Structures are given as structure tokens and as C-alpha cells.
Amino acid sequence: MPPRRHPTGTPSVTGVHPLKNTAHISHSSRHSNSQRDDLWTALTRPDSFSDYAAAWLAVQGGLLETAETGVLRLQTGDSDIAPQQWHWPAESAAEPSLFHAILEKAERERKGVAVTRPDRTGAGNDTVQICFPLFLGDRRLAAAFAISPTSDDQLRRAMRQLQWGIVWLEKYFFHHGQRRNADADQGVTDRLVRVVELLNGTLEKERCRDAAAFLTTELATLLRCDRVTAGLLERGRMKILALSHSAASRHKSNIILSVTTVLEEAADQRETLLFPPGKHAPPVIVRAHGEHAGQYGCGSLLTVPFCDRQGSAYGAMLFERSEKEPFQEADILLAEAVVSLAAPVLRDKDSNDLPLWRKVTERGRQHLNTVWGPDHPGRKGAALGLLCTLFLLAVAKGDFLIPAPITLSGEIQRAVVAPFSGYVGVAHRSAGDHVTAEEPLASLDTSDLTLDQLQWASRKRQADLEYQKAMADNLTANAQIIQEQKKQAEIQLALLDLQKKRTTITAPFAGLLVKGDLSQSIGAPVERGQILFEIVPDNASRVLLDVDERDIGFIAAGQEGTLVFNALPRQHLAFTIEKITPVSTVVSGHNTFRVEGRLRTFSTRLRPGMQGYAKVHAGSRPLAWIWSRPLLDRLRLWFWSRSW
């Protein structure tokens, strides 16, 4: 509602005095009952404001006591336009300047005023002009009446009646303004409801052509069009989806070709095209529209393109009417609103109707268009970087490294065994000790050997005595037998001396004891040939690699590599492949082959049995081949192993 500025307070009265002619009443302002009914009807159901103003003046003139004439003036915000005036009674319009002074004063002072006008005829019939202004936004209304009050109280009642009556004018503008707004809002609501109904019906259709047929037919009915056509761009050409009230024809008839050209013209310019164009229309090309209208008798054409968020067109919709009914601004806005909501639905349904290979192709084409088009510099940079990376991977070469787990082992691993059965006497060394050649490792107990030596020594002396006695008795045969027994005792003594010397077990060469600890087995029995120690020589180690069978074909003797032990992760050691064994073993679920290598550099921190990882240099290959080889080999094997 426009802001209301209604005058309040006590009106100013100029030159009012007790009137002498108290019996004067203007009977011209009085109405019969039938006339009053007509006036009230005009007030309640006016055809225009002029009718309302005339009826209001007549009613007010009848309600005001002693009212003779009246005027109502309406001035709009534009000062160049002359104000409208209504007079009561109608014949008083012959004197338009009668109330000019009081109207200007009331509008200037923005309140009700009363001015006495002396009777110039000398009859003593002075009149009083009363006026009230009303301000409604850019409108200014002022109502004035000429009355002949008989007292000040009658004048005040007249002023109050006019003040109340002028509120009716305010209510008129308020009521009609609200009704116009309500009519406009209802029209907008109806259009929105219709747009939602169209969109809902389009969404309910499963296939794109069915949805397009429904949409074009409903729009043709809603906008009173002779024909509505919808199309989508496919590979740079317009594909007709549907024509209103009929299925879309795939036959390339002349009218279909003409409609296609019209749709493409709008899609190329990405602008809503209207033919014939308006006077203030932007400069656009409507040549195809003109040819189509002239050839097929459609005098009024409207084409709305389908555009995505980036502004690229992917279709259009053509509305055709007769020349007698051109498209109005409301029709254009409604068509654009429906198209903006329904176009993405049609595009999505069309994409869903495509076969899988077409979906993949279209998606790839869309991404390529974003790369080769004028926009999306970020994607262009990413695509250029990807191409450069692929080129470098295909051209640049790198070291082809074959990884494999390793174990360090001694080149010679000698076992030290017990020379004869006995008992452990002393343990000098244990596993992990470095020893020199002939260094004692352990000693066996010699108690039994000493007793055996005493026994055989006693037998030897006894044999000497018996031999001397036999020679004295000249028993030659007995002497020879005793002589042999003496030799046997000497041999046994020599054997016991040798065994006693062998009770000290020594290292066969300088190296590292990798096995054996008799310190916890003093006095324990040992059997002849039992392994007591294992020793490997210094600076003579070999590397054992477990190479996966998928990589064994790239391994050859003489190749070099680098290894790292778990215990020494910061120390890289070089080695050389020496031998490839033809025997395979299963390690961690994978079939592997044992490959032997020799360290080119040796560290005193190395210990046999250490484990780690090695990388064998198998030549130089393109980086793309190196990184893709495992996957490609698996795919080749999988395809080859299939039944087809």
C-alpha cells in the first residue's frame, strides 16, 4: 500500500463569523432516495475512478449541511500533466478557478483549511470554502466544498464530515491497488504451477522422445501455437526430437530440414530469436526464420536455445504462430522459463537412451571439447602436461631394475666334527667368534685315554719280561709270539698318543664361527663324526637371490646390482651375478629361482645369514615399458589363458 499522509489536527479557519442568514440551505445538494441508491451503487461498484469521484462528490455534497458546490482534484507525480478535476454539481464546472486558491493552500500547508468568501452582491450571503488534501505516494488529491454554515459548530461538523469522507478515496486506491497486485500475483502463481506441471510430466516419461512429445504438445496448447518443435545437437547437427501433436519424423522432409535450419540458427547465436524482430531488438541474424516463415506461412516465430552453465548451446525449441497473433513479452518469458528447466531433463534422458559405447564416446567428446574449445585454460594446461609426460615416458629411458630378496651366505662353510667318541672337556670358542688358523675351539676329556695308555704300557713291559725269559730258556717260537704282542702294545700306545693329541679341536682356517657352542655342554658325550662347529672364511661370502619366475628371463651371469641388508639400511653394496641354478623353490606363495652373486665390496659388519633386498641392473628400457610391463604381462597371460 502506498504511504498515506493524511492531514490531522484542527483545520485553520480564515474569516469565519456568525452568519446572519441562518435559514439558508442549498436544496440543490439534497437527493431523493432513488438517487442516493444509485450514488451508493457507484461508490461500491465503480467502473472507473471518474465514476467513483463523481459519486463521492454527490454523496459528500448531500451529507454536508448547506453545501452548494464542490470539486475534487487529482494530481499525479508528473507535473507536466494537467490535473484532473471533478465538479459537483456538474454545472459548477463553468467556474474552474472558484476553488483554485484554497486547493493550492491546502496542498501547500498539507492540512485541512477553511476560507470565508464574502458575498460580493451585498445580500449578506457569505460562503465558507473548506478543503482537505490527501497524499498517496506520487498522487495528490484535494477535495473542497463551498458551504453556508449558520454557526461555528456547524462549520466544525462540516470539516469533520469532509475529513471522514476523504478517507473513502484513500480506501479506493488501496483496495484497487491490492486487487491489481493480487491479480498479478495470481497470474504469476498460475504460470509457475503450469511450469511445474510441465516439468513433472516431462520427468515422468522414461524415454527422451516421449518426454519431448509431451512437452511440445503441452506448450503448443499453453502458448496457443500452431506447432512447437524441440531438437538437440548431436555431433554438430540438430536432431529433431519431437513435433507437437505428432511423433518426431525421422524422414528428411522439406519442412523438417527447414525447422532444423531454424533451430541451428538460434543455437549458433545462443540467443532467443523472435521473428519478426521488434523495434528495440538486439542485432541478430534471423535469415532462416524469415525463409521458414515465408515458405510455410508462419508469420510469428520464437526460438529459444538450450544452453548449459558455460553458455554452450546443445539444442533449441521453436514456437510457431500465425502472423495475426505475435508473441508478447509474457509469452517469451514463459517459454524461456520452461525451456531453462526442461532442457537439461531432455538432455539427460537422451544420454540415458544411448547405448553404452555411445555414452562413453559422447563423454569423451565432451571432455575433448572442453580441452580444444576457447574456454577452460586449466584443463588445457592439464592436458598439455599429460601429453608431455606421456611423450617423456615413451622416449626417456631408465635403468631396468629387477628386485629380489637376498640372503648372505659364506662361500665355503666348513664343518668341524668330533674325531672320536668322548666327552666335552673345555669349550674355548663359540658361534660368532673370529678365529685364526689352528686356534683351539674346544677340547675333549683325556681321562679315558690316559688310563688306556697306562694299561698298554703295562702290557708292553710284561711282554719285555716274557720275551727275555723265553730267550733265556731258548724258546725261540715263544719269543717270537711275545715279540709280536710287544709290537701290538707299542701300536696301541702310538694310537692313544695320536688320539690324545686330537682331543684339542682347532680351526682349519681363519674365519668366523657361524655355528657351535659347547660352553653349555661340558662333560656331555659326543659321537665320532658329530658336527661341533661350522666356520666360514673371512672375505669369502656369496649372495643368494630368490628371483621371481616372471623376472628370471631378464637375469644373466655377469649382470651387476646393488643390495641393502636389513641390518645396514644406509649401506649400499655392489655385487655381480655369477650363477643361476635351474631349480625352483616356492617362497611366500611365489615360484622363485636361486641366483648366486659375489660381493664386489666387503664390510666387516657383514654376517652370514643376513637378509635384505637387491636390485639387479638388467639394462636400459623406456620408462613407459618399465612401469607398464607387470600389468601388460599379466593381461597377456590372462587373455591367452582364456578359452576363446
Side-chain angles (χ1 to χ4, degrees), residues 408-542 604 606-609:
L408 184 63
S409 176
E411 183 178 2
I412 301 174
Q413 188 164 327
R414 181 73 58 83
V416 180
V417 300
F420 50 84
S421 299
Y423 298 91
V424 178
V426 181
H428 301 287
R429 296 292 184 179
S430 60
D433 293 338
H434 281 277
V435 295
T436 59
E438 301 300 329
E439 181 179 353
L441 303 178
S443 299
L444 299 180
D445 189 10
T446 60
S447 300
D448 293 342
L449 295 178
T450 302
L451 292 177
D452 290 340
Q453 281 182 330
L454 293 175
Q455 182 180 1
W456 284 105
S458 176
R459 289 183 180 182
K460 178 182 177 183
R461 289 193 298 271
Q462 183 178 0
D464 286 340
L465 293 175
E466 290 179 353
Y467 177 78
Q468 294 176 1
K469 182 179 180 181
M471 291 298 295
D473 295 338
N474 198 20
L475 297 174
T476 306
N478 291 338
Q480 291 179 352
I481 294 173
I482 295 172
Q483 185 65 25
E484 293 297 327
Q485 292 178 349
K486 180 180 177 181
K487 290 181 180 180
Q488 181 182 4
E490 291 176 350
I491 293 173
Q492 288 294 333
L493 288 173
L495 178 61
L496 290 173
D497 288 338
L498 179 61
Q499 288 181 345
K500 199 169 185 179
K501 292 180 181 180
R502 296 179 64 184
T503 56
T504 301
I505 302 171
T506 59
F509 49 79
L512 177 68
L513 290 177
V514 297
K515 185 178 180 181
D517 185 5
L518 300 180
S519 61
Q520 305 298 324
S521 303
I522 302 299
V526 294
E527 298 294 334
R528 182 178 181 180
Q530 180 179 345
I531 298 177
L532 302 180
F533 298 95
E534 289 185 3
I535 185 172
V536 295
D538 290 334
N539 302 330
S541 300
R542 61 177 179 173
T604 56
L606 297 180
R607 298 291 185 272

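Computed from a prediction, not measured in an experiment: that's the story for all the values here. Heavy atoms only: backbone and side chains are in, while hydrogens, waters and symmetry mates are out.
For the pair Ile491 and Trp456, the minimum side-chain heavy-atom distance is 4.5 Å or more. Between Lys500 and Gln453 there is a side-chain heavy-atom pair separated by less than 4.5 Å. In this structure, Pro508 and Val416 have side chains that are in contact, with non-hydrogen atoms separated by less than 4.5 Å.
Atom CG of Leu495 and atom CZ of Phe420 lie 10.0 Å apart (nearest 0.5 Å). Between the CD atom of Gln499 and the CZ atom of Arg502 there is a distance of 8.0 Å, given to the nearest 0.5 Å. Summarising the geometry, atom OG1 belonging to Thr436 is positioned 12.5 Å from atom CZ belonging to Phe509; distances are rounded to the nearest 0.5 Å. Atom-to-atom distance recorded for Ile482:CD1 and Lys469:NZ is 9.0 Å, nearest 0.5 angstrom. Within the model, atoms CG of Leu496 and CG of Leu451 stand 10.5 Å from one another, a figure rounded to the nearest 0.5 Å. Taking CG of Leu454 as the reference point, atom CG of Leu493 lies at 9.5 Å (rounded to 0.5 Å).
Ser521 approaches Val424 most closely through the heavy-atom pair O-CB, 3.3 Å. The two residues Ala479 and Met471 have their closest heavy-atom pair at CB-SD, 3.6 Å. The heavy-atom pair separating Pro525 from Gln530 by the smallest distance is O-OE1, 4.4 Å. A pairwise comparison of heavy atoms in Thr504 and Pro440 identifies CG2-CB, 3.9 Å as the closest pair. Residues Ala427 and Ser519 approach most closely at CB-N, 3.6 Å, considering heavy atoms. Heavy atoms only, all atoms of each residue included: Ala442 and Leu518 are closest at CB-CD1, 3.9 Å.
Applying the side-chain contact (heavy atoms from CB on, under 4.5 Å) test between Pro419 and each of Thr503, Leu498, Leu444 identifies Leu444 as the sole match.
Pairs engaging residues 425-446 under the salt bridge (Lys or Arg N to Asp or Glu O under 4.0 Å) rule: Arg429-Glu439 [sequence neighbours left out]. Legend: side-chain hydrogen bond (donor to acceptor under 3.5 Å, both in side chains) pairs involving residues 473-488, not counting sequence neighbours, sorted by first then second residue: Asp464-Lys486.
Environment of OH in Tyr423: sparse, with no more than 12 heavy atoms of neighbouring residues, nucleotides or ligands closer than 6.0 Å.
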